[in-house]
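When reading the values below, keep in mind they use all heavy atoms of this one structure, side chains included, and skip hydrogens, waters and symmetry mates.
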Amino acid sequence: MTLKQRDVVEINFYHSGFGFKPHPAIIVSNDELNENEDFFYVVLISSKNTFPEYSYPLTDEMTTNKFQKKSYVKCQIITSEKNVIQKLGTMKKNYFDEMVEKIIDSIF
């Protein structure tokens, strides 16, 4: 299966307390990354608009498929402190800024 940036896909996503469940998502990484690696970046699609400042409303007219419920793109990766085993250090700001630019180039 050839996957491209902007494809809406279903992925196995880990839901706390439920285990892995199928979940819709949109591929956001560029096609070069998708072709050269065994992974790609996605944003999740949810019918729950928790934290609206970090979500984007998604309507049926925006995609080639139809959603059963009003949907939102979740524009963040969520984890909690309980998932952190230990802190190993901190990246220096100037290198962090360079890394962010590379991530933006790789994803978009």
Side-chain angles (χ1 to χ4, degrees):
M1 174 183 327
T2 302
L3 297 171
K4 300 282 188 188
Q5 188 179 54
R6 301 184 354 252
D7 284 348
V8 178
V9 296
E10 189 171 63
I11 61 170
N12 264 332
F13 181 74
Y14 183 78
H15 291 267
S16 180
F18 298 102
F20 285 94
K21 295 181 89 176
H23 202 86
I26 300 172
I27 297 174
V28 294
S29 51
N30 67 39
D31 293 340
E32 182 181 350
L33 177 70
N34 300 343
E35 291 167 9
N36 293 323
E37 297 291 342
D38 264 348
F39 65 89
F40 44 82
Y41 293 97
V42 300
V43 290
L44 295 180
I45 299 171
S46 176
S47 61
K48 295 178 180 69
N49 192 17
T50 52
F51 305 107
E53 64 273 22
Y54 302 113
S55 66
Y56 179 79
L58 189 63
T59 63
D60 287 342
E61 67 193 29
M62 296 176 178
T63 66
T64 57
N65 58 300
K66 304 291 183 201
F67 298 98
Q68 294 178 356
K69 300 177 182 179
K70 185 170 177 115
S71 298
Y72 303 88
V73 174
K74 305 307 248 173
C75 298
Q76 80 278 26
I77 297 172
I78 301 172
T79 192
S80 67
E81 223 174 283
K82 69 181 179 184
N83 294 327
V84 175
I85 297 169
Q86 64 179 322
K87 180 178 176 179
L88 299 174
T90 303
M91 191 171 196
K92 295 176 181 174
K93 184 178 180 346
N94 58 318
Y95 296 109
F96 179 81
D97 292 344
E98 287 178 13
M99 180 189 68
V100 167
E101 287 301 315
K102 181 63 177 180
I103 291 169
I104 290 170
D105 287 343
S106 296
I107 295 177
F108 302 104

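Atom CG of D7 and atom OG1 of T64 lie 8.5 Å apart (nearest 0.5 Å). From I27, atom CD1 reaches atom CZ of R6 across 11.0 Å, with rounding to the nearest 0.5 Å. Of the inter-residue distances, the one linking K48 atom NZ with K70 atom NZ reads 15.5 Å to the nearest 0.5 angstrom. How far CD1 of I26 is from CG of L44: 10.0 Å, rounded to the nearest 0.5 Å. Going from atom OG of S46 over to atom CG of L58 covers 11.0 Å, rounded to the nearest 0.5 Å.
A continuous path of hydrophobic side-chain contacts links L3 to F13 [ILVMFWY only; heavy atoms under 4.5 Å]. Follow the hydrophobic side-chain contacts under 4.5 Å out from I45 and you never reach Y72; the two are in separate clusters.
Ring planes of F39 and Y41: perpendicular class, angle over 60° (limits at 30 and 60°).
At least one donor-acceptor pair under 3.5 Å links the side chain of Q5 to the backbone N or O of V28. Side chain of N30 to backbone of E32: a donor-acceptor contact under 3.5 angstrom is found.
Within a 6.0 Å sphere centred on CD of E53, heavy atoms belonging to other residues, nucleotides or ligands number more than 12.
Ion pairing between E35 and K4 holds under the 4.0 Å rule for side-chain N and carboxylate O.
Minimum heavy-atom separation, N65 to T63: O-OG1, 2.8 Å. Scanning all heavy atoms of the two residues, the minimum distance from N12 to P22 falls at OD1-N, 3.9 Å.
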Q: Tell me, with the steps shown, if T50 and K74 meet side chain to side chain donor-acceptor pair (under 3.5 Å).
A: CA-CA 9 Å; T50 52; K74 305 307 248 173; 3.1 Å; yes
